[in-house]
Amino acid sequence: MFKTVIKNIKFPELDNKIMKFWDENEIFLKTDQERQGCPEFVFYDGPPGTNGVPHIGHMLQSALKDLWPRFKTMRGYHVIRKAGWDTHGLPIELTAEKELKLASKRDIQSYGEEKYIDYCRSTVFRYKETWEKAIRRIGRFLDMDNPYMTLTNDYIQSDWYLLKLAWKKKLKPDQTEAQINGKSPRFLYKDYRILPYCARCGTSLSNFEVAEGYKDVTDLTLTAKFPVAGEANLFFAAWTTTAWTLLSNVALAVGPDIDYVAVQLKEDTSGGKAGQKIILAKERLESYQKQLSEYEIVWTKKGRDLQGMKYYPLWDWQEDKYAHRVLADEYVTTEDGTGIVHLALYGEDDFRLIRQGGFPLVQNVDEDGYCKDSAGQFAGRYFKDENLDIDILKDLHSRDLLLGKEKHEHSYPFCYRCNAALMYFARPGWFIRTASYRDEMLKANSHINWQPGHIKEGRFGNWLENTIDWNVTRERYWGSPLPLWTCDDPECQGELCVGSLDELRRSAIEDVDKILFNQKIGEIDLHKPLIDRVHIPCPECGKPMTRENFVLDSWFNAGLMFIGQWGYPSTPGSREIFDKQYPADFICEAIDQTRGWFYTLLATSTLFGMENGLPEDQWSCYKNVICTELVLDNEGLKMSKSKGNVIDPSILFDELGADATRWSFYTSNPWNVKRFSLDQARESVRDMLLPIWNAYSFFITYVHVDKWTPSAEETPSDHPLDRWIIGELTRLNRDVTSSLEKYDVAPAAWACTKFLDQLTNWYIRRSRRRFWKSEDDQDKQNAYATLYRALKDFSLLLAPFMPIISEEIYQNLVRSIDKSAPESVHLAKWPQPVLNEIDEELASRMDIARKIVRAGRDLRQKHSVKVRQPLEDIKVVIPNGAVTNVDGLRELILDELNVKDLCILSGDDELIQLKAKPNFRTLGPKYGKNVNHTAGIIRSLNENQIRQLENNFAIDVEDIQLAPEDIIIDRAAPEDVAVSEVEGVTVALNLKLSDDLIDEGRSRELVHLIQNMRKDADLNVADRIRLSYHTDGELDRAIQSQLDWIKSETLATEVKKVERSQNADLISQKIDGFDVYISIEKVETS
RNA sequence: GGGCCUAUAGCUCAGCUGGUUAGAGCGCACGCCUGAUAAGCGUGAGGUCAGAAGUUCAAAUCUUCUUAGGCCCA
């Protein structure tokens, strides 16, 4: 027997109940166990960092990430849903630095590397429980007991495995990169890159940190004169805002297409002596007017013609036979300075050009910000020492190498921690040659299904096209260690990349297990600082090698979770599970991951795939991906603490519950920016949850009255409502299934909303009488069986979306009467749509019936005739081409509109005016420019002509032949008749009231009053009553004429007309202005 | 500065390959219903489709530009 249903449902309480049920019965575990041996559906969960709290955007993520695993489990797949946590990376170190009040790497050194790293480790899981709670609260099934964590030894060894793969792989000799720098052809190689760097803190900064610290400052800028080699009195003029970088100048850059002039000074000026010739961009002449004064242009040349010219360095100690030449590059502009740029190894573009041009890598200011001994008279000076600029300036001036100086205001980055001026410094790092397998990554991308589609060729494709080699290391402390050892002898090139702990054991000089044993955590620990104490004999010279002091980019770390989560390949058993769990069918993250996780997964898995001989379509470790957008507040602003517009997810759960919160994310495309508000989320309760609950509760109420139970061999009903709703259910099943298979959630949700409307506002509404009528006939059985199936299947289809309410309904509708059924809706089979249950013809007839009803209601409203007042007849005109047969649906319409008769009129009734409208779709191609002339003719066609066309005859009008398909016939109602039209369906209601109709209407009013009294008396729907009333005259006549009907409607066993004095319980009411006195009394059944 | 996305009713969003009068839900107004009832239903008002130009017989839809917002990267 079905359990009774709480009318006053509180969804957050239902959440508790169902989640408790899941826990106690280990439903999640069973989704794993019961699908063992089934085909795998592979889902990868991206690892969030847990030193921050989850926000509403993560709820969107969770809602989506939970949907497909549930769906696929029901579809018969085995789905592993392993949680993951990102436990490395800069955010953790920044938190630690802040809390320990450490401002620099030097501070960290003096605090103690080991203590610092211990502290980092201790903060990693600070909000892990908060995360776990939020994930559970939204009803997500996720294995958080066995998560993958990037800090484990198994995971780190996966890092090592992949790095070793890259290290072993070499460029082919014909690949150009090998020629450029003559460096290691390995796919893992050491190089430099320019990073924002604080010399005082000894730390490079992330872009984000740099952005924190820009300030407007006034600096002394100067324009130096570089003497052209072999030409007396000819100089290049180059401008700089950082005089100290001149100490490391190695080249000058010009724009290839920029016009440069050599101007000869006519007199001595502050910038030079008469006769000297200065080279600068023509466009910049004007701004040097003061220094140049009177001059003459000697020649004009394009920048590219200056390329290769040699010049003398500003100081003797800078001499280097490979340096001090001019090169041309597009990046040079004439926006400021002289249009000639001095290059030193303290800028990103500089670095690129210096490298491309094969210039020496000179840095005369060291990483502490002091001039090196090689910097002549400036050795030992601090780079931002104010006098340094002035001394350089004076020195140049004294040797007539200064064209000009001025104060210049610009914005310059400062260290956000210590306020010192930053410099851009070349830092070492280890790189993976991603650029050399760009084409392979593009091929891999071609096999990925992106939602939304434009990401594939757009944002992500563009990013791949522009891939440069990937710096996978950071000069930090807390992270996966780079497993690369290089020879202590600087002359020796020996290096070794270690691919696993076992390999390290075999290779190391020391006893690895002893050195790496971390007392505090009681196990081997591969992190710094222990790993730094391991040495390996050099394969080249046999001397000891020391580990390169880097940790891995945490993006690299996270990017190889496809092997890392199993600890592949070093963990026993990982190969077997990896083979089954690669590649992922589905991942889902926010759009910022195109440069993050989406990219790093692809970059690592493509390398992995190529090296392991996987086919091209498996180079990407994910096949389908949904990119979600941001969740904003209802003003379209980013939620942030400072604006105070953050919606705490727990508020949603406490007020609305998990299902409603989830649903509010499913109803719009997740790849569009979502404006989110609590009010909007509340709509999910009102629009979906309550109507579902009401429908379910309605069913249970009547099932209890009739003690109905489903039987195994239901004969299919031929009632049109039943056949129709089953067809719509099947259609829903088909549409939801295909949408979800395409990873397109919103249309699936919309289809559910539409079905719910059809179920509640039409099927149940129109079937109510079938449930409450007293005969227990086949029709009633059919109604029960149909509604039962609709609710049951609907709950199955909703299960991936709203796991709670669907579980509750399933438990009652299925499990409470069939203990052999799957224990949970989430272990049940997804219903298979039987497509021949969709009767398209019936569906379109039903559609017309609903339109007729709408038009009829419209008329009643316009003429203020209540639905309780029966009317004689309704006339309906249905457009040509539509189904004219409403047989079987006639009763529905009559009942809904409370009319006695319905007649379908042929199209030529006087009710209707025929109008022809041009069908541009066919006319356009036929008439082209003359389409408007033809359209005019069509609009002025008379009814006869239209009828001819309607009857499929072509006609000629004004020499133009019109075909039937050229017009669209519009049946409009003339303004002055009581007629209404809804989407082509026109109806007329007969509003004339006969005495009989009036009597009927009044007795319906009486029934209405009695029903209200039943409700007020708290009677059960099946309780019988005795009815007493008093009235006279017209109203009494009406009651007498409908007595039997009134009795059956109100379940009155007897009706007594009484005098007012006879019964004190009589309650005074009014019907149509007549007084009536009524009392009811419940009949006690024995 | 570059790439990508977005702009449609008061709000949140649909609108496919150009083609009838641009749709839905919410909100609002009015009304209905009441044997799902601290629910339910209907009708109505409300739009120069961000702006401009172009292609076309025809543009919310295609092209270009502009404006505003967003994300990512420099």
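Per chain, numbering begins at 1; letters A, B, ... match sequence-line order.
Candidate nucleotides B/rC32, B/rG25, B/rC4 were compared by shortest atom distance to the side chain of A/N462, and B/rC4 ranks first. For A/H454, the side-chain atoms get nearest to B/rC4 when compared with the rest of B/rA36, B/rC4, B/rC26. Looking at the side chain of A/I591, the nearest of the listed nucleotides B/rA14, B/rC71, B/rA36 is B/rC71.
Comparing B/rU8 with B/rA68, their C1' atoms are spaced 16 Å from each other, to the whole Å. A distance of about 12 Å separates the C1' atoms of B/rG18 and B/rC57, rounded to the whole Å. Using C1' as the reference atom, B/rC49 and B/rA9 are 10 Å apart when rounded to the nearest Å. For the P atoms, the distance linking B/rU12 with B/rU20 amounts to 28 Å, nearest Å. On the C1' atoms, B/rC65 is 41 Å away from B/rG44, given to the nearest whole Å. Across the P atoms, B/rG46 and B/rC5 are found 35 Å apart, a figure rounded to whole Å. Spacing of C1' atoms, B/rU55 relative to B/rA74, comes out at 36 Å, to the nearest Å. Comparing the P positions of B/rG70 and B/rA53 gives a spacing of 28 Å, expressed to the nearest Å.
In this entry B/rG31 has B/rC41 as its Watson-Crick or G-U wobble partner, both defining distances falling under 3.5 Å. Base pairing annotation: B/rU20 forms no Watson-Crick or G-U wobble pair, as no partner gives both donor-acceptor distances under 3.5 Å. The base-pairing partner of B/rA36, taking Watson-Crick or G-U wobble contacts with both distances under 3.5 Å, does not exist among the strands shown. The base-pairing partner of B/rC49, taking Watson-Crick or G-U wobble contacts with both distances under 3.5 Å, does not exist among the strands shown. The base-pairing partner of B/rC4, taking Watson-Crick or G-U wobble contacts with both distances under 3.5 Å, is B/rG70. In this structure, B/rA9 forms no base pair with any nucleotide, since neither Watson-Crick nor G-U wobble geometry is met with both distances under 3.5 Å. The nucleotide B/rA59 finds no pairing partner, because no Watson-Crick or G-U wobble arrangement with both distances shorter than 3.5 Å includes it.
Residue-to-nucleotide proximity on RNA chain B shows that, of A/E683 and A/P691, the 5′-proximal contact is made by A/E683. Remark on RNA chain B: of its neighbouring residues A/D757 and A/R686, the 5'-side contact belongs to A/R686, judged by nearest-heavy-atom nucleotide.
Looking at heavy-atom distances under 4.0 Å, A/T753 makes no contact with the nucleic acid at all. Residue-level contact check: A/A695 touches the bases, meaning some heavy atom is under 4.0 Å from a base atom. A/N466 comes within 4.0 angstrom of nothing in the nucleic acid, heavy atoms only. Here A/I455 lies out of heavy-atom contact (under 4.0 Å) with every strand.
Looking only at atom types and distance, the side chain of A/D350 has no donor-acceptor partner in the side chain of A/Y424 under 3.5 Å away. In this model, a donor atom of one side chain and an acceptor atom of the other lie less than 3.5 Å apart for A/N445 and A/W450. A/N466 and A/R438 share no donor-acceptor pair across their side chains, judged by distance under 3.5 Å alone.
Dashed line: the shortest gap from a side-chain N or O of A/R854 to OP1 or OP2 of B/rU43 is under 4.0 Å. Contact annotation: A/R769 does not reach the phosphate of B/rU34 (side-chain N/O to OP1 or OP2, under 4.0 Å). Within the 4.0 Å cut-off from OP1 or OP2 of B/rA39, not a single side-chain nitrogen or oxygen of A/N694 is found. Neither OP1 nor OP2 of B/rU34 sits under 4.0 Å from any side-chain N or O of A/Q1011. One finds no side-chain N or O of A/N672 lying less than 4.0 angstrom from the OP1 or OP2 phosphate oxygen of B/rC13. Applying the 4.0 Å criterion to OP1 and OP2 of B/rU34, one finds that A/H1008 has a side-chain N or O inside that range. A/R857 has no side-chain polar atom (N or O) that falls below the 4.0 Å cut-off from OP1 or OP2 of B/rC41. Between A/R868 and B/rC33 there is a side-chain N or O to OP1 or OP2 distance below 4.0 Å.
A salt bridge links A/R352 and A/D349; the closest N-O separation between the charged side-chain nitrogens and carboxylate oxygens is under 4.0 Å. By the 4.0 Å N-to-carboxylate-O rule, A/E1005 lies close enough to A/R868 to be salt-bridged with it.
For the pair A/L923 CG and B/rA58 P, the computed distance is 14 Å after rounding to whole Å. To the nearest angstrom, P of B/rC73 lies 14 Å from CZ of A/F598. Remark: C1' of B/rA38 and CG of A/L690 are 11 Å apart, rounded to the nearest angstrom. As rounded to whole Å, 11 Å separates atom P of B/rC41 from atom CZ of A/R768. One interatomic measurement links the two molecules: CZ of A/F698 to C1' of B/rG35, which rounds to 8 Å at whole-angstrom precision. Counting to the nearest Å, the C1' atom of B/rG3 and the CZ atom of A/R459 are 8 Å from each other. Summarising the geometry, the separation between CG on A/L1006 and C1' on B/rU34 is reported as 15 Å, rounded to the nearest angstrom. Rounded to whole angstrom, the span from the CZ atom of A/R1004 across to the C1' atom of B/rU34 amounts to 11 Å.
Note: A/T434 OG1 to A/D469 CG = 5.0 Å, rounded to the nearest 0.5 Å.
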Report the C-alpha separation of A/D847 and A/R850 in whole Å, then their side-chain angles, then the decisive distance to 0.1 Å, and conclude whether the salt bridge (Lys or Arg N to Asp or Glu O under 4.0 Å) test is met. CA-CA 5 Å; A/D847 188 45; A/R850 292 193 74 177; over 6 Å; no
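Two residues are said to be in side-chain contact when any heavy atoms from C-beta on lie closer than 4.5 Å; A/I1078 and A/L1006 meet this criterion.
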